[in-house]
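Everything below concerns the one structure shown next.
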Amino acid sequence: MEHKELKDIRKRIDEIDKKILELVAERNRLAKNVAEIKVKNNIPIDDKEREKYIYERIKNLCNHYNIDPNFGLKLFKLLIEHNKELQRKYIETLKK
Ligand SMILES: C=C(O[C@@H]1C=C(C(=O)O)C=C[C@H]1O)C(=O)O
């Protein structure tokens with residue numbers, strides 16, 4: 001039996017999921033730009049100070065939006081580690 005209300009909520013969730021991935025894709029695309037600057041200027045991929053700033057900011061934003069900070073930190077650790085992997089892979093392509 002179709003649940004109209006549930007169907008409508010799921011439609012909204014689907015729309016949000018798409019927007020999240022659009023933003024993740026944009027964040028990932030910027031990894032290439034960052035990698036190019038780092039290669040040109042001999043800057044390491046890993047920037048722990050920058051990551052520390054991001055994690056602190058995410059904790060504050062999670063509190064503002066009533067999101068479990070532990071979840072937020074896990075999410076951004078995934079994003080950051082993936083971003084660095086994208087940078088490493090991109091830099092490898094430059095060496096070929
Ligand atoms: C994108 C950068 O490179 C790395 C990835 C980061 C990220 O995904 O936000 C942050 C710091 C760096 O470890 C950067 O230096 O800004």
Side-chain angles (χ1 to χ4, degrees):
M1 180 187 149
E2 180 191 14
H3 294 275
K4 170 81 171 67
E5 195 179 348
L6 179 58
K7 188 178 178 185
D8 291 347
I9 293 169
R10 284 174 170 170
K11 185 171 181 293
R12 179 67 187 125
I13 288 172
D14 291 345
E15 289 162 1
I16 292 166
D17 290 353
K18 183 171 181 282
K19 287 184 179 180
I20 288 170
L21 287 179
E22 284 170 356
L23 290 171
V24 170
E26 183 181 356
R27 194 183 200 280
N28 290 348
R29 276 195 298 276
L30 292 171
K32 184 164 169 269
N33 306 80
V34 169
E36 283 167 344
I37 294 165
K38 289 185 174 179
V39 166
K40 278 183 195 146
N41 297 280
N42 198 27
I43 299 169
I45 289 175
D46 285 60
D47 184 332
K48 291 303 178 198
E49 271 310 300
R50 167 71 178 157
E51 291 182 23
K52 191 174 159 206
Y53 165 82
I54 293 169
Y55 290 132
E56 201 51 41
R57 181 168 182 266
I58 293 307
K59 270 192 278 187
N60 293 332
L61 287 169
C62 282
N63 290 326
H64 176 78
Y65 289 114
N66 197 28
I67 295 170
D68 176 354
N70 293 314
F71 167 76
L73 291 170
K74 277 196 290 186
L75 176 62
F76 275 82
K77 182 161 179 56
L78 277 174
L79 287 169
I80 291 172
E81 292 308 315
H82 184 61
N83 190 288
K84 291 190 284 186
E85 185 53 30
L86 291 173
Q87 290 184 53
R88 281 190 282 272
K89 284 180 179 167
Y90 176 68
I91 290 169
E92 280 311 302
T93 65
L94 297 178
K95 290 174 183 166
K96 286 177 182 150

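It should be emphasised that the depicted structure is a prediction, and the values quoted were computed from it without experimental measurement. Read the numbers this way: they start at 1 and go in the same order the structure lists the ligands and their atoms.
- Within a 6.0 Å radius of NZ in K52, other residues, nucleotides and ligands contribute 12 heavy atoms or fewer.
- Within the structure, the side chain to side chain donor-acceptor pair (under 3.5 Å) test picks out the following pairs touching residues 24-42 (sequence neighbours left out): E36-Y90.
- Side-chain contact between C62 and D68: absent, with no pair of heavy atoms (C-beta onward) separated by less than 4.5 Å.
- Near D46, the atoms of ligand 1 lying under 4.0 angstrom from a non-hydrogen atom of the residue are 13 (O).
- Set against the non-hydrogen atoms of N83, the atoms of ligand 1 under 4.0 Å away are 1 (C), 5 (C), 8 (O).
- Proximity to I54 (heavy-atom distance under 4.0 Å) selects the following atoms of ligand 1: 9 (O), 10 (C).
- In this structure, atom 14 (C) of ligand 1 lies nearest to the protein heavy atom K38 NZ, 3.6 Å.
- Side-chain contact between I20 and V24: present, with at least one pair of heavy atoms (C-beta onward) separated by less than 4.5 Å.
- The closest side-chain heavy-atom distance from N83 to Q87 is below 4.5 Å.
- Closest heavy-atom approach to atom 7 (C) of ligand 1 among the candidates R27, K84, E51: R27.
- Applying the salt bridge (charged side-chain N to carboxylate O under 4.0 Å, His left out) test between E15 and each of K18, K19, R12 identifies R12 as the sole match.
- In terms of protein heavy-atom proximity, atom 10 (C) of ligand 1 is nearest to R50 CG, 3.7 Å.
- Every atom of ligand 1 is numbered from 1 in the order shown, and the set under 4.0 Å from a heavy atom of I45 is 3 (O), 4 (C), 12 (C), 13 (O).
- Heavy-atom proximity to Q87, at under 4.0 Å, picks out these atoms of ligand 1: 1 (C), 2 (C), 3 (O), 4 (C), 5 (C).
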